[in-house]
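Please read all numbers here as calculations on a predicted model, not as lab measurements. The first residue in the sequence is number 1, and the count goes up from there.
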Amino acid sequence: MSTVAGPGASTTPSRRREVPRGAAPSRGRSRRRRSQQARRDALAASLFLAPVIVSLLTMRIWPALVSIRDAVYSGLPGSVKPPKFVGLANFEELFTNASFWNSIRQTLLFNIIVNPLQILAALALAYLLTRRVAGAGTWRTVIFLPVAIPMIGSTIVWGIALRPEGPINGVIEAMGGRAQPFLTSPTQVLWCFVLIASWIGIGYWMIFLIAGMRDIPTMYYEAATVDGAGAIRQFISITLPLLKRPLLFVLVADTVANFVFFAPIQVLTNGGPEEASNLIMFDIFRRAYQLSDPYLAAAELLVLLSIMLLIVLLQFRLLKEDD
């Protein structure tokens, strides 16, 4: 008995697609190998990141949490009596302390001077050394060399140079000038620390800005040259807008570094003369270790962190990129 095909039906017998033997297991093994490789990569990444994560937790996060706790307590270090909860009393004491407000003023003044100076100088040097300048590599090495010298070493050298009978005054007197007090003058000591901080900071931040400038595609400059734009116009219209992210990083990192500027002050002036170099980070150290009041120092540390956070948020706001 014959079968009649319906309208539009194909008269060709349908064939089932045959799957080669071993194909499905092979795909399964491939997925397992990829999964195993991903787990091995994640484990390797975790092992490499573990020292950094542990360092951040033990040296950054945990001390910050301890400071938040200590800021609302009061007591004598090493006493058999446990510290007493005092709430906001430490902050009230700080805000009525003339030395605290002096350290705030000195710190803000120091940052208002040193941050623009370092960033503008680093930006200018980075721009010059990414142009066709003879011996640019040598100049970069020379400018970056102070970064390789430990901070304490640089501080001691500058302390010797800025002595009343030091070599800088020797040069000034040889040129017919008068010897300057420098580190012993309440009006000059802050400028001396601006010099010491910039001696290291300018070369350090210059390297980041050079890297950012080299990431800018050259086609933009070539097109601007064809259009007749000069070097200044190219810098304003091309370099600065495309350098915004590295510049923001340098601005924020430089601000944080200068707010916690400490070692040269401790070595050279101990906050003097007349508390003219008593920046807030040194004032925190003085309260904690010289005046034996770590709880008041913890409250001052939180004030410092709050000021830095507000300034950094303002910087992010000003340099916010358009979508």
Side-chain angles (χ1 to χ4, degrees), residues 48 52 110-155 157-158 161 168 190-261 263-264 308 311-323:
F48 279 112
V52 178
F110 176 75
N111 279 268
I112 288 171
I113 297 170
V114 74
N115 290 344
L117 175 63
Q118 287 187 7
I119 293 172
L120 289 175
L123 183 61
L125 289 172
Y127 182 76
L128 290 175
L129 295 179
T130 51
R131 307 298 101 184
R132 291 186 177 88
V133 178
T138 303
W139 284 111
R140 282 197 300 270
T141 303
V142 171
I143 296 170
F144 186 76
L145 190 60
V147 181
I149 302 173
M151 172 70 81
I152 297 299
S154 296
T155 299
V157 171
W158 278 109
I168 294 180
L190 204 63
W191 291 97
C192 294
F193 286 120
V194 168
L195 175 63
I196 295 171
S198 300
W199 160 256
I200 298 174
I202 289 174
Y204 185 70
W205 304 123
M206 177 196 71
I207 296 299
F208 290 96
L209 295 177
I210 286 176
M213 289 181 183
R214 286 183 169 175
D215 282 341
I216 300 175
T218 57
M219 61 180 180
Y220 296 123
Y221 296 105
E222 293 169 357
T225 302
V226 171
D227 290 340
I232 296 177
R233 187 63 184 173
Q234 290 181 21
F235 179 77
I236 295 173
S237 301
I238 299 174
T239 305
L240 281 182
L242 297 179
L243 197 64
K244 187 174 287 187
R245 285 190 177 184
L247 196 58
L248 175 61
F249 166 76
V250 168
L251 180 60
V252 171
D254 188 41
T255 300
V256 173
N258 288 321
F259 261 101
V260 296
F261 188 76
M308 284 196 301
I311 293 176
V312 168
L313 289 176
L314 179 61
Q315 291 170 343
F316 271 99
R317 180 69 178 176
L318 292 176
L319 291 179
K320 181 180 178 182
E321 293 188 5
D322 297 331
D323 293 337

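- Annotation: Arg317, atom CZ; neighbour count of heavy atoms from other residues, nucleotides and ligands within 6.0 Å does not exceed 12.
- Nearest heavy atoms, Pro264 versus Met151: CG-SD, 3.8 Å.
- Applying the 6.0 Å contact sphere to CG of Leu318 captures more than 12 heavy atoms from other residues, nucleotides or ligands.
- Atom CD1 of Ile210 sits about 10.5 Å away from atom CG of Leu123, to the nearest 0.5 Å.
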- Message: Checking Phe249 against Phe208 for the ring-ring contact (aromatic ring centres under 6.0 Å, His included) test, could you report, in this order, the C-alpha distance in whole Å, the side-chain angles of both residues, the deciding distance, and whether it holds?
- Response: CA-CA 9 Å; Phe249 166 76; Phe208 290 96; 5.1 Å; yes
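- Under the 3.5 Å distance criterion, the side-chain polar atoms of Gln315 are left unmatched by any main-chain donor or acceptor of Leu248.
- Aromatic ring centroids of Tyr127 and Phe235 lie under 6.0 Å apart.
- Taken from CD1 in Ile200 to CG in Leu145, the straight-line distance is 11.0 Å, to the nearest 0.5 Å.
- Here the CH2-OG1 distance, from Trp199 to Thr155, works out to 12.0 Å after rounding to the nearest 0.5 Å.
- Between Leu125 and Trp139 there is no side-chain heavy-atom pair separated by less than 4.5 Å.
- Rounded to the nearest 0.5 Å, atoms CG (Leu242) and CG (Leu247) are 12.0 Å apart.
- With a 4.5 Å cut-off on side-chain heavy atoms, Val250 and Gln118 do not count as touching.
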- Message: With side-chain contact (heavy atoms from CB on, under 4.5 Å) as the criterion, how do Val147 and Trp205 come out once you've worked through the C-alpha distance, each side chain's angles and the decisive distance to 0.1 Å?
- Response: CA-CA 10 Å; Val147 181; Trp205 304 123; over 6 Å; no
- Hey, mind stepping through Ile216 and Tyr221 against side-chain contact (heavy atoms from CB on, under 4.5 Å) and telling me if it holds? CA-CA 9 Å; Ile216 300 175; Tyr221 296 105; 3.7 Å; yes
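- What you find for Ser237 and Pro241 is that their closest heavy atoms are O-CG, 3.4 Å.
- Looking only at side-chain heavy atoms (C-beta outward), Leu209 and Thr130 stay at 4.5 Å or farther from each other.
- Smallest separation of non-hydrogen atoms from Ile236 and Leu240: O-CB, 4.0 Å.
- Looking at heavy atoms from C-beta onward, Met308 lies out of side-chain contact with Thr255 at the 4.5 angstrom threshold.
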- Item | Full working for side-chain contact (heavy atoms from CB on, under 4.5 Å) between Phe193 and Val114 | CA-CA 9 Å; Phe193 286 120; Val114 74; over 6 Å; no
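- Asn258 places a side-chain N or O within donor-acceptor distance of the main-chain N or O of Asp254, the cut-off being under 3.5 Å.
- Distance check: Met213 CE to Ile238 CD1 gives 12.5 Å after rounding to the nearest 0.5 Å.
- Annotation: side chain of Val157 is not in contact with side chain of Ile149 (no heavy-atom distance under 4.5 Å).
- The aromatic rings of Phe144 and Tyr204 lie parallel to each other, their planes meeting at an angle below 30°, with 60° marking the opposite boundary.
- One distance of note links CG of Asn111 with CZ of Phe261; it measures 10.5 Å at 0.5 Å rounding.
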- Verify side-chain contact (heavy atoms from CB on, under 4.5 Å) between Val226 and Glu222, making sure each step is shown before the conclusion. CA-CA 6 Å; Val226 171; Glu222 293 169 357; 5.7 Å; no
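- The heavy-atom pair separating Ile143 from Pro146 by the smallest distance is O-CD, 3.2 Å.
- Here the closest non-hydrogen pair linking Pro246 and Gly212 is CG-CA, 3.9 Å.
- Annotation for Gln234 and Ala224: closest pair CG-CB, 3.8 Å, computed over non-hydrogen atoms.
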